[in-house]
Amino acid sequence: MALLPAAAAATNGYFTNGSSVQSNGLGGAGIAFPVDALAGYINPAGIAFVGDRVDVGLTVFNPHRSSTISGNLYGANGAYSGNAVRYFLLPEAGYTRRVADDLYFGLSLTANGGMNTGYHDNPYAAFGGRGEAGVNLQQIVLTPTVAYTITPTQSIGIGANIAWQRFYAEGLTPFTAFSQAPNQVTNTGYSTSVGVGARVGWTGRFGDNLSLGATWSSKIPGSFHGYQGLFAQSGSFDIPQNFGIGASYRVTSGLTLLGDVQRILYAQTHSIGNPLANLLQGNALGSANGAGFGWRDINVYKLAASYAYSPTLTLRGGFSHAQQPIPSSQTFFNILAPGVVQNQVSVGATWQTSARGELSFYYSHAFEKTVNGVDSIPPPFGGGNADISLSENSLGFAYAWKI
């Protein structure tokens, strides 16, 4: 927890692509292919197949955020950099152990996601914004899990997602006039929230080569009381429901191919899914149907390969593609949260350093994506358009002890 003040991430909207260094080396895939002690966060059933172990790791995350405003009648036109902070730390830890003949316990701690922007040059200054502008959203999830092997090749699992969130916003003075609680829109410092949800999963192995898996995570309730005038439903900020299916196939004794499909229901959370147009229809910020970021539900597709080059060295590679969560009509508010990247490639490896130890690393790059606004700035703000861009680099290392 001490590392959290520096943690912020965004890939599939604002969700991280994988739960750990090893899973990120596979492009985030792994619903049917558990690889480490954090497997329970992806699919609780997977902890039955990773052995007794402890994993700890750290990722350095480097996003590049920017926006451009054009055609604005109030003089906001210009290019803006949102990179006041360039590097973030994402910690992770996991533990798994067999506690009975067919019963397994796991515990994982990992970043679910987040978003950070920091504009020294406030893009809302022309509308009355003062000082720097930006937001910082951080989410970390502690997931205790239990798995039971119905047969030697079939496992079911259940876990609790205990989510800790914190958030701050600054420089958003122009929006206070549209809020039901104008003193709780911006510059109120950090606000924190703790919520609990459920995660369930299944993994099955069929023959010597094929494995299938499925997992579901409930919505995790959350609320930022310091920002009751910003987020819909008086500061509500739930972590969206999500679910997925996966498959892995062992092509040779060393090579395994993986594929996952994940769906994230952003639009079901009012503070994320409500469009900015609600603001112009009499729904004040912070109200039951107050404006949000206008995000859509998305699918994320992940393909990967794992290759055992030798008994002590495993190589990994992956690719993920996410549907675009931010419509072109919603870019003005999303200057604060430009979670627009869609395509990401990853490479990674694990080296067995001893009979009980292994060292892993990964590197991933999310290619730059720009969403060009179309009629995205409302007339009360002088019209025109905002274009938002994001690219990302991540480098992580982890060590595991088999116990």
Side-chain angles (χ1 to χ4, degrees), residues 18-26 28-57 92-110 112 141-162 197-218 242-250 253-254 256-262 302 304 306 308 314 316 350 352 355-358 360 398-403:
S19 65
S20 68
V21 166
Q22 290 198 39
S23 70
N24 275 300
L26 293 166
I31 293 175
F33 191 72
V35 290
D36 56 27
L38 286 92
Y41 181 72
I42 298 177
N43 181 353
I47 65 171
F49 302 111
V50 298
D52 298 348
R53 59 187 290 148
V54 174
D55 290 73
V56 294
E92 64 187 58
Y95 168 78
T96 52
R97 192 170 188 89
R98 184 179 182 177
V99 295
D101 286 346
D102 300 313
L103 189 65
Y104 304 81
F105 171 76
L107 188 66
S108 66
L109 180 72
T110 187
N112 177 77
V141 179
L142 178 69
T143 306
T145 54
V146 175
Y148 177 75
T149 49
I150 306 169
T151 73
T153 59
Q154 304 281 323
S155 173
I156 56 174
I158 186 169
N161 287 329
I162 306 168
R199 185 180 293 273
V200 298
W202 161 81
T203 295
R205 295 180 174 179
F206 301 88
D208 295 331
N209 301 320
L210 178 65
S211 294
L212 301 176
T215 185
W216 170 81
S217 178
S218 72
N242 59 93
F243 51 89
I245 57 174
S248 68
Y249 187 81
R250 190 172 67 171
S253 59
T256 301
L257 302 180
L258 294 75
D260 285 4
V261 179
Q262 179 187 26
K302 305 174 183 181
S306 176
T314 299
R316 303 183 181 90
T350 293
Q352 187 170 327
R356 293 186 177 274
E358 59 183 40
S360 301
Y399 194 81
W401 295 265
K402 299 178 182 179
I403 54 178

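For S19 against S23, the heavy-atom pair with the smallest separation is N-OG, 2.9 Å. Pairing each heavy atom of I47 with each of A39, the nearest pair is CG2-C, 4.5 Å. Residue S20 comes nearest to D36 through the heavy atom pair OG-OD2, 2.6 Å, listed as atom of the first residue, atom of the second, then distance. Between T203 and G46, the shortest heavy-atom contact is OG1-N, 4.1 Å. Looking at every heavy atom in both residues, S360 comes nearest to T350 through OG-OG1, 2.6 Å. In terms of heavy-atom proximity, K302 sits nearest to G28 at NZ-O, 3.4 Å.
The CG atom of N161 sits 8.0 Å away from the CG atom of N112 when rounded to the nearest 0.5 Å. For the atom pair CD (Q262) and OG (S217), the distance works out to 9.5 Å, reported to the nearest 0.5 Å. To the nearest 0.5 Å, atoms OG1 (T215) and CG (N242) are separated by 7.5 Å. How far OG1 of T149 is from CD of Q154: 10.5 Å, rounded to the nearest 0.5 Å. Rounding to the nearest 0.5 angstrom, the gap separating the CG atom in L212 from the OG atom in S248 is 7.5 Å.
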Begin with the C-alpha distance, continue with both residues' side-chain angles, and end with the deciding distance and a verdict on side chain to side chain contact (heavy atoms under 4.5 Å, CB included) for V146 and L103.
-> CA-CA 7 Å; V146 175; L103 189 65; 3.4 Å; yes
Decide side chain to side chain contact (heavy atoms under 4.5 Å, CB included) for F49 and Y104; before the verdict, give the C-alpha distance in whole Å, the side-chain angles of both, and the deciding distance to 0.1 Å.
-> CA-CA 9 Å; F49 302 111; Y104 304 81; over 6 Å; no
Verdict with supporting geometry, L107 and L142, side chain to side chain contact (heavy atoms under 4.5 Å, CB included) = CA-CA 7 Å; L107 188 66; L142 178 69; 3.8 Å; yes
Start with the C-alpha gap between Y41 and T145, add the side-chain angles, then the distance that decides, and say whether side chain to side chain contact (heavy atoms under 4.5 Å, CB included) holds.
-> CA-CA 8 Å; Y41 181 72; T145 54; over 6 Å; no
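Counting only residues at least two apart or on different chains, the salt bridge (charged side-chain N to carboxylate O under 4.0 Å, His left out) pairs with a member in residues 41-53 are R53-D55, R53-E358.
Residue F33 is tested with D260, I42, L26 for a side chain to side chain contact (heavy atoms under 4.5 Å, CB included); the sole match is L26.
By the ring-ring contact (aromatic ring centres under 6.0 Å, His included) test, Y249 pairs with no residue at all, sequence neighbours left out.
Using a distance-only test at 3.5 Å, with no hydrogens or angles considered, no donor-acceptor pair links the side chain of S108 to the main chain of G40. Side-chain N or O atoms of N43 include one that pairs as donor or acceptor with a backbone N or O of W202 at under 3.5 Å.
For the residue pair R205/S155, the side-chain donor-acceptor check at 3.5 Å is not satisfied.
For the pair Q352 and K402, the minimum side-chain heavy-atom distance is below 4.5 Å.
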